[in-house]
Student: 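Mind having a look at this structure? Questions to follow.
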Amino acid sequence: MSRRQSAPRLEFEAAAIYEYPEHLRPWLEALPKQPGVYFFHGDSDTMPLYIGKSVNIRSRVMSHLRTPDEASMLRQSRRITWIETAGELGALLLEARLIKEQQPLFNKRLRRNRQLCSLQVNAGKPQVVYAREVDFSHEPNLYGLFANKRAALQTLQSLADELQLCYGLLGLEATTRGRACFRSALKRCAGACCGKESVEEHHARFMAGLASISVNCWPWEGAVALKETRDAMTHYHVIRNWLWLGAVESLDDAAALLRTPAGFDQDGYKILCKPLLTGKYEIVMLNDPAAR
């Protein structure tokens, strides 16, 4: 049988073995239509099978039950629990933390990354630096957050190809000073390597290309609290160096969270950067004993 013929058959077989998980029905009635994080639990009391988030827990959980794609997880599930949050931001932050802490079997993302790196530009030269060696929350001139060195260099190469930058000047290949690189002869490099354009023009174009992936330094001396409110629920998200330390219902309770060491967190940065810097939420400065 050809590949073209086998794909529909595989889809049919997946649907054929799927059965609505009636054993989970008792857990569905109490599901709230509020934002938060939900858990599919198997036989283990300590490690969930899957952790998800939604602005409407009930709607999102029900969507899992209508598809054969997740039949294996549903067959192993024994119960469903949830934690409500004050809004989508809190749900995103809590989900990211819990997935990294508990490593559920059916979650494929938000794992811990010990090779996290960035491109740093000093004296016009980019180099790959690692979060385990450099404090990304305060180090200037960083561009992009990458899973590994290969991804960082691929981005640098793609930018060079797009903007006709010189691989030699960017350190992507060895060249002879003052001589045109191979890509210049192919008109893929604008010629900063051989005087067809100035090094200053080349650098300005390079930096303009990097601007969209610039990493923002943590803009406060210490920790802050971001206020998120829904109906009668208010949470203050305590954040330092782009790391979410947790949520409290009263600012009086924030001090306990400030004892937590806080290095740079990639997921926290991606979730929190825009909300913190755009003024969408109320931000409260905290008396942080660890302030730099």
Student: Say whether R75 and S72, considering side chains only, have a donor N or O and an acceptor N or O under 3.5 Å apart.
Tutor: no
Student: Would the number of heavy atoms belonging to other residues, nucleotides or ligands and lying under 6.0 Å from CD of E29 be above 12?
Tutor: no
Student: Just wondering, are more than 12 heavy atoms of other shown residues or ligands nearer than 6.0 Å to CZ in R58?
Tutor: yes
Student: Step by step, work out the side chain to side chain contact (heavy atoms under 4.5 Å, CB included) result for R183 and C166.
Tutor: CA-CA 8 Å; R183 291 175 66 257; C166 179; 5.6 Å; no
Student: Decide yes or no for P35 and S54: does some side-chain heavy atom of the first lie under 4.5 Å from some side-chain heavy atom of the second?
Tutor: no
Student: Treating Ile, Leu, Val, Met, Phe, Trp and Tyr as nodes and any side-chain heavy-atom pair under 4.5 angstrom as an edge, say whether L142 and F264 lie in one connected cluster.
Tutor: yes
Student: What verdict does the side chain to side chain contact (heavy atoms under 4.5 Å, CB included) test give for E88 and K53, after you've listed the backbone C-alpha separation in whole Å, the side-chain angles of each residue and the deciding distance to 0.1 Å?
Tutor: CA-CA 8 Å; E88 182 179 17; K53 60 84 188 170; 4.2 Å; yes
Student: Any chance you could measure R97, atom CZ, to L245, atom CG, to the nearest 0.5 Å?
Tutor: 7.0 Å
Student: Identify the heavy atoms of L169 and K125 that sit nearest to each other, and give their distance.
Tutor: O-NZ, 3.1 Å
Student: Any salt bridge linking R230 with E84? Criterion: basic side-chain nitrogen under 4.0 Å from a carboxylate oxygen.
Tutor: yes
Student: Could you pull out the closest heavy-atom pair between A225 and L251, with the gap in Å?
Tutor: CB-CD2, 3.7 Å
Student: Counting C-beta onward and ignoring hydrogens, is there a side-chain heavy-atom pair between R25 and E22 closer than 4.5 Å?
Tutor: yes
Student: So that I can tick it off, tell me whether D265 and K100 are bridged by a salt bridge, with the cut-off set at under 4.0 angstrom between side-chain N and carboxylate O.
Tutor: yes
Student: Looking at D288 and R240, is any side-chain nitrogen of the basic one under 4.0 Å from a carboxylate oxygen of the acidic one?
Tutor: yes
Student: Would you compute the distance between atom OG of S198 and atom NE2 of H203 and round it to the nearest 0.5 angstrom?
Tutor: 11.0 Å
Student: Are L172 and L163 connected into the same hydrophobic cluster when the rule is that any two of I, L, V, M, F, W, Y join if their side-chain heavy atoms are below 4.5 Å apart?
Tutor: yes
Student: Kindly state whether the ring of F40 and the ring of H64 have centres lying under 6.0 angstrom apart.
Tutor: yes
Student: Can you check whether I271 reaches W244 side chain to side chain, under 4.5 Å on heavy atoms?
Tutor: no
Student: If you measure from CD on Q164 to CG on L159, what distance do you get to the nearest 0.5 Å?
Tutor: 12.5 Å
Student: F39 and I51: which non-hydrogen atoms are nearest, and at how many Å?
Tutor: CD2-CG1, 3.7 Å
Student: Only pairs at least two apart or in different chains count here, so list each ring pair (Phe, Tyr, Trp, His ring centres under 6.0 Å) that has a residue in residues 213-232.
Tutor: W218-W220, W218-W242
Student: Atom CG in L28, atom CG in L24: separation rounded to 0.5 Å?
Tutor: 6.5 Å
Student: Hydrophobic clustering (ILVMFWY, side-chain heavy atoms < 4.5 Å, transitive) - are F106 and W27 grouped together?
Tutor: yes
Student: Using distance alone, with no hydrogens and no angle criterion, decide if D161 and Y167 have a side-chain donor and acceptor under 3.5 Å apart.
Tutor: yes
Student: Check the side chains of D135 and S137 for a donor-acceptor pair under 3.5 angstrom, ignoring hydrogens and angles.
Tutor: yes
Student: Are M233 and Y281 connected in the hydrophobic side-chain network, where two residues link if heavy atoms are under 4.5 Å apart?
Tutor: no
Student: On a heavy-atom basis, which atom in F206 and which in G124 lie closest, and how many Å separate them?
Tutor: CE2-O, 4.4 Å
Student: Determine whether a donor-acceptor pair (N or O, by modelled atom type, separation under 3.5 Å) exists between the side chain of S214 and the backbone of A211.
Tutor: no
Student: Quick one: do L89 and L272 satisfy side chain to side chain contact (heavy atoms under 4.5 Å, CB included)? Show the steps, please.
Tutor: CA-CA 8 Å; L89 185 62; L272 289 165; 4.3 Å; yes
Student: How far apart are the closest heavy atoms of H202 and L170, and which atoms are they?
Tutor: CE1-CD2, 4.0 Å
Student: Do you see a donor-acceptor pair shorter than 3.5 Å between the side chains of E249 and H235?
Tutor: no
Student: Other members of the hydrophobic cluster containing V199, with the 4.5 Å side-chain heavy-atom rule, please.
Tutor: none
Student: Carefully, step by step, assess N122 and Q127 under the rule side chain to side chain contact (heavy atoms under 4.5 Å, CB included).
Tutor: CA-CA 8 Å; N122 286 316; Q127 61 178 336; 3.8 Å; yes
Student: More than 12 heavy atoms of other residues, nucleotides or ligands under 6.0 Å from CZ of R79: is that the case?
Tutor: yes
Student: Would you say that P289 contacts L258 through its side chain, given a criterion of any heavy-atom pair below 4.5 Å between the two side chains?
Tutor: yes
Student: Does atom CE of M62 have more than 12 heavy-atom neighbours, drawn from other residues, nucleotides or ligands, at distances under 6.0 Å?
Tutor: yes
Student: Side chains of Y130 and V128: does their closest heavy-atom pair fall under 4.5 Å?
Tutor: yes
Student: Please answer whether the main-chain N or O of V129 pairs with a side-chain N or O of S118 as donor and acceptor at a distance below 3.5 Å.
Tutor: no
Student: According to a hydrophobic-cluster definition based on side-chain heavy atoms being under 4.5 Å apart (Ile, Leu, Val, Met, Phe, Trp, Tyr only), do L145 and L243 belong together?
Tutor: no
